[in-house]
Amino acid sequence: MHNIHDQRLLILDFGSQYTQLIARRVRESGVYCEIHPFDIPDHFIHTFNPHGVILSGGPETVTAGETPRIPAAILDLDKPILGICYGMQALASQLGGQVSSSNQREFGHANIHALADSVLLDALTLAPGNDVDVWMSHGDKVSRLPPEFVATAGTTSAPIAAMEHTSKPIFGVQFHPEVTHTRLGGELLAKFSKNICGCAGEWTAANIVEDAINQVRAQVGADEVLLGLSGGVDSSVVAALLSRAIGDKLTCIFVDNGLLRKAERSEVEAAFSATSGVGNALPLNLVTIAAEEEFMSRLNGVADPEEKRKIIGNTFIDVFEREAKAIGSGVKWLAQGTIYPDVIESAASKYGKAHVIKSHHNVGGLPERMDLALVEPLRELFKDEVRQIGLHLGLPKSLVYRHPFPGPGLGVRILGEVSKNAADVLREADHIFISELRNADLYDQVSQAFAVYLPVKSVGVVGDARRYEHVIALRAVETVDFMTARSARLPYEFIELVSNRIINEISSISRVVYDISSKPPATIEWE
Ligand code: XMP
């Protein structure tokens, strides 16, 4: 097989909130693509040598002087170009047309009608007399076409809602094909990526796995590799992938810090055991470190959330480093589950944008401390791709589609001081909530759900006895990116059922509440 990265698209980011979605849709069509800032240097563009270019939307206006422009090297490439929203406006303005500010922002569903035949818009089933629903989000609009362009679609408020060159493969769409509200928008991007740019569509789970295995083998040779396995999706997929690639040269360290969910340790051990999990076909060295007492004693008497996070992080590093050294001095590599959104966000910040660099995958400077080089086999994958290859590698669905779980675990879900007793109670309550969500087929409908242990006492009556015990809060949220979220509208009967079970089955809980706060202003976690 030739290199699956050879046929690729370049997505130039003009700052749209949807840029990553464009890339995900293109990848879903089986075509590899990368996102880079709009102002990348010319030599990068030439070395990258894309089969086609997509220009993203963005918050600026081309009617002002100092706003982002398409690099001349892109326009001179002689490869297909698709401009979306701001990308279309930049094309129109730079190729000799005109863009006008409109004081009326068009946001939401819009109906487009065909103005001319278009190979690209065929994908939307757009034809004369057959209007289709698309998603708009813009203020400016193209008011005059550049020379040699035709308008291919319009809406009532944007007469030029799509345009294309009469002889070259240059297209612009004012609407957003990447969002699901644009029906068949994914088809449009697939049509551009495959038919128009000529990419065969080799970016599939099977090929990605094969390619990643080859890359890891080339990178680490016969060296030993260490992985901190948390049981989360990313590190689990790294474990499965590396064990395929290098077999018993991989050692996974799983730290049981006493702040895990119920049965988490046994689930991870089962998923990677030699008899029941992916380990079935592959030898996987899994070392579980029982470190509950060490974590609990260091957390003793500490109530401040940030202080707790720091202690948990540092203790993890100490335990990991100690065990890693005990396992072998020959280890040269540390594997990490860094994924593509982390890479994009870190890179974008170099260009002066106010992005927050996520460092949670880089466990507290461990690579430097232990003098280990990094292996990051998921660096170019989106989360949905990580899940696909996880399934392909034989990981159980329950693990691959698991809700995220914070690094400090139950440590930030027991408010205030952490104790083993509180962790045990919370584990039971959380387990009741999560298993009932699964029973009711609600688990996959919420993005994250969990229980929180509140260190307040509340009065209750059980039978004839007065009970004065703790409170559990239930939290379930719906979110796309975890930056904003709203509380899930779970059925009342369901919440009541969970509440009854928790109060009846756990004697040290007298009351259950449901958290309906949105993020912002609240956060998802309570600490
Ligand atoms: P918040 O509470 O900030 O959470 O709204 C957003 C997402 O991040 C997770 N989270 C963490 N993950 N270490 C992590 O690895 C942490 O310290 C941490 N704090 C929050 C949270 O579970 C949610 O998915």
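Each ligand, and each atom within it, is numbered from 1 in the order the structure gives. Count residues from 1 along the sequence.
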Inset, instruction - Give the single entry among Glu306, Arg309, Gln448 that approaches atom 17 (O) of ligand 1 most closely by any heavy atom. - result: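 Checking each option, the heavy atom nearest atom 17 (O) of ligand 1 is found in Arg309.
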
Legend entry - Salt-bridge contact Asp318-Arg369 (side-chain N to carboxylate O under 4.0 Å):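 Judged by the 4.0 Å cut-off on N to carboxylate O distance, Asp318 and Arg369 do form a salt bridge.
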
Legend entry - Pair Glu376, Thr338: side-chain N/O donor-acceptor within cut-off below 3.5 Å: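 On atom types as modelled, these side chains qualify, holding a pair under 3.5 Å.
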
Inset, instruction - Determine whether the side chain, the backbone, both or neither of Pro408 has a heavy atom under 4.0 Å from any heavy atom of ligand 1. - result: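 Answer for Pro408: side chain.
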
Inset, instruction - State yes or no: are the ring centers of His138 and Phe175 separated by less than 6.0 Å? - result: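 No, too far apart.
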
Legend entry - Distance filter under 4.0 Å to Lys519 heavy atoms, resulting ligand 1 atoms: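 Checking each atom against Lys519, I get 1 (P), 3 (O), 5 (O), 6 (C).
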
Legend entry - Numbering as shown, the atoms of ligand 1 that approach Thr523 to under 4.0 Å (heavy-atom distance):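 Those of ligand 1 that fall under 4.0 Å from Thr523 are 1 (P), 2 (O), 5 (O).
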
Legend entry - Within-cut-off N or O pair, Gly407 and ligand 1, under 3.5 Å: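 Min N/O separation from ligand 1 is below 3.5 Å for Gly407.
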
Legend entry - Ile524-ligand 1 polar pair, N/O distance under 3.5 Å: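 Among all N and O atoms of Ile524, at least one is under 3.5 Å from an N or O of ligand 1.
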
Inset, instruction - Please state whether the rings of Phe382 and Tyr340 are parallel, tilted or perpendicular, taking 30° and 60° as the class boundaries. - result: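 Rings of Phe382 and Tyr340: perpendicular, as their planes differ by over 60°.
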
Legend entry - Whether Trp203 and Tyr32 hold their rings parallel, tilted or perpendicular, with breakpoints at 30° and 60°: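 Trp203 and Tyr32: tilted rings.
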
